[in-house]
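Read through the structure below, which is laid out as structure tokens, and then see the notes.
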Amino acid sequence: MFKILLIVLFLQIFDISIASEVKQLNSKINFLPDLKYMLKEQSDENLLKFLYLLNKLEVNGNEFVSDELFTIIVPKFTFDIRNIDNDTLQKFIFEHIIPGIRIQVLKNGEIYNNMNKNSIKVKSLSPNKWRINDINVHEFNSHSTKLISFIKIDGYLDGIKSNFTKRNVQDHNSYNEQEKLIKKDVNKSDLLDEKTNKNKYGVLQNYLSTIKSGTKVFQHFLKTSNLSTIFEDATDNFIILVPNDMAFQRWHPIDWGFFPFSVPEFTEDIMRNHIILLKQQPFSPNSVEKEVKLKALGGEFVTFKVQPIPSINNVSILSNITLSNGNVVYIISEVLFMNDEKVSKLHQMNKDKETPPLLAFPWLISQFLSHSFLALEKDNRFTQIVRFLSLADIASLIPGSNYTFFVPFDDSFEKYGFDELADDVLKSNKSTNFILNHFVKGRLYNRDLRDGEIYETVGGRRIRIRKETSVNIFINQAKIVESEVFVYNLGTMFYIDDVLNPEILQNVYKNTQNQERENIESFEENFTTETSDVNEIYKKLNNAEPLIDKDQSFLQTMHDTYADVEFISSDNIEDFSSSDSYITSQALPSSELISPPPK
């Protein structure tokens with residue numbers, strides 16, 4: 001109890017002040033678990049420190065809730081928290097919180113997203129030994145509640161660029177700890193075996209780095225898929241089937257397209273099926289007489305043949321070697337268990353991993369906006385949003401990629417009369433702001449649309465998620481009709497049945513309507529005045545005395561001038577060919593028609 005009081009006193013003395021205005025991660029309000037009640041009753045030193053720091057985040061405007069599911073990964077505090085800047089501290093806390101789920105059972109291969117949107121990978125080393133992102137799990141669910149589960153680890157998650165000093169990181173990282181010369185209850189042979197196991201991966205790396213055909217791609221995937229750890233903890237030997245770089249290059253798009261190994265789960269599965277655990281005697285390539293069939297870690301079967309030529313699953317063997325630690329390595333010319341049909345299906349399920357072609361039009365600086373615009377332009381359901389995007393100058397405000405775009409259908413605009421707005425209105429600042437409030441910075445998936453979640457748009461407004469069922473999801477008042485329309489790996493579109501924040505343009509539309517009404521009334525008034533003037537002129541003309549009585553000499557002159565012109569009635573016009581020229585009674589106003597004087 002005295003130790004707990006000292007810890008609390010220490011934290012109060014070195015109070016961590018967090019700025020009151022911090023940019024919210026992923027442009028959204030952060031909901032955090034309300035665990036203040038646990039501070040008084042907690043005896044675990046690391047959990048107590050974490051809860052204290054979590055509680056201090058309240059000054060940032062983060063909202064604490066007691067009715068949401070969370071999983072807390074409790075780090076081991078072996079560093080001085082006094083020297084961490086405020087932003088890094090918040091990111092550090094978020095790195096250890098998984099929102100929206102209470103993990104009750106650890107499952108090998110499960111992947112979760114923490115509040116920093118980084119991946120949390122669960123790894124099983126044995127039935128009772130687990131790792132979280134390569135860090136050993138010390139204790140699981142010892143303090144769990146109805147809505148919260150706790151996972152204690154022997155380190156901390158470092159998915160962010162932290163400001164921890166190099167010394168602190170080395171002190172904390174178990175992989176950097178020096179090997180102790182003496183351990184309790186451990187004999188020399190055990191220490192030798194442990195050292196040999198930890199060197200197995202190093203021996204493999206050293207050999208692969210010398211291969212002329214190149215195996216850098218395999219080494220990279222082996223490391224990023226965390227499979228390298230199986231060599232450190234296993235007491236048995238392995239067969240490692242290593243495709244060369246050209247084998248992976250075959251599946252890489254030339255310029256743009258889908259690369260199957262951009263899907264982490266698929267890559268790890270393929271890599272597992274290139275590793276075979278030898279539980280019996282060491283395997284020798286020379287011991288194969290006809291063929292040998294073995295099962296890989298991923299569950300697929302691998303067949304070794306020597307006739308007609310040495311091959312593995314009918315793939316040519318380029319070379320093989322037995323390493324000093326007993327592991328056998330085969331360099332092969334193809335990636336096993338790959339075919340076009342499998343890649344095509346994987347592509348359909350992972351459209352968000354496809355790389356796009358570079359577009360110079362319509363906006364080079366905004367690839368997401370350009371590809372979204374061209375896709376919507378081909379769909380006649382979105383003529384209004386296309387018109388808005390064409391006229392609003394927003395490309396510089398949506399640069400690059402990594403956005404979510406909530407796209408309203410045409411009838412959403414027509415409902416408010418926005419389809420009648422003039423071009424100059426669509427070029428205005430209000431129109432720009434209206435459109436920007438349909439974009440959110442950060443790529444959202446269906447799993448991110450949790451009930452009550454609030455996101456901030458690029459335009460500065462807030463939108464709230466309302467999730468009635470798994471299929472009835474609303475953004476403010478707009479219902480999502482079609483979700484996860486992936487724009488390559490640039491971002492995501494969601495099609496909605498209403499515009500967001502229509503009030504931004506409603507006043508503009510009303511003012512436009514009033515102005516048009518005033519213009520029409522003014523035109524009608526002017527037209528009435530001008531028509532009256534014309535009517536008065538014609539009235540005077542009709543009442544005037546005929547010109548023939550006023551100036552007989554003038555009419556005679558006109559007749560002499562047009563002596564060759566025959567004045568005819570329009571009733572007889574069909575009797576003449578179209579090539580002849582005539583002046584008819586319809587050619588001049590009746591008040592100006594001149595008939596020849598009687599001879």
**Prompt:** Is any side-chain N of the basic residue among Glu95 and Lys91 closer than 4.0 Å to the acidic one's carboxylate O?
**Reply:**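 Answer for the salt bridge query: no.
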**Item:** Cationic N near anionic O, under 4.0 Å, Lys123 to Glu268
**Value:**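 The answer is yes: the pair qualifies as a salt bridge.
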Donor-acceptor pair between [X] and [Y] side chains, under 3.5 angstrom:
| X | Y | answer |
| --- | --- | --- |
| Asp352 | Tyr445 | yes |
| Arg131 | Asn136 | yes |
| Thr492 | Thr404 | no |
| Asp379 | Tyr495 | no |

**Prompt:** Quick one: which of Asn476, Thr457, Thr432 gives a side-chain hydrogen bond (donor to acceptor under 3.5 Å, both in side chains) with Asn437?
**Reply:**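 Of all the options given, the one that passes is Thr457.
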**Request:** Classify the angle between the aromatic ring planes of His274 and Phe337 as parallel (below 30°), tilted (30 to 60°) or perpendicular (above 60°).
**Result:**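 Perpendicular: the ring planes of His274 and Phe337 meet at over 60°.
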**Prompt:** In terms of the angle between their ring planes, are Phe218 and Phe248 parallel, tilted or perpendicular, with boundaries placed at 30° and 60°?
**Reply:**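 Because their plane-to-plane angle lies in the 30° to 60° range, the rings of Phe218 and Phe248 count as tilted.
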**Message:** If the condition is ring-ring contact (aromatic ring centres under 6.0 Å, His included), which residues does Trp130 pass it with, not counting sequence neighbours?
**Reply:**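 Expected list: none.
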**Asked** Heavy atoms, side chains only, cut-off 4.5 Å: are Phe221 and Lys223 in contact?
**Response**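 When only atoms from C-beta onward are counted, Lys223 and Phe221 do not touch, as no gap falls below 4.5 Å.
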**Prompt:** Under 4.5 Å between any side-chain heavy atoms of Ile153 and Ile73, yes or no?
**Reply:**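 Heavy-atom side-chain distance check passes, below 4.5 Å.
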**Qualifying residue, where the test is side-chain contact (heavy atoms from CB on, under 4.5 Å) with Leu490 and the options are His371, Arg443, Glu354** =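 Single side-chain contact (heavy atoms from CB on, under 4.5 Å) partner of Leu490 among His371, Arg443, Glu354: His371.
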**Request:** Report the residue from Ile504, Leu500, Leu436 that forms a side-chain contact (heavy atoms from CB on, under 4.5 Å) with Arg461.
**Result:**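 Only one option passes, and that is Ile504.
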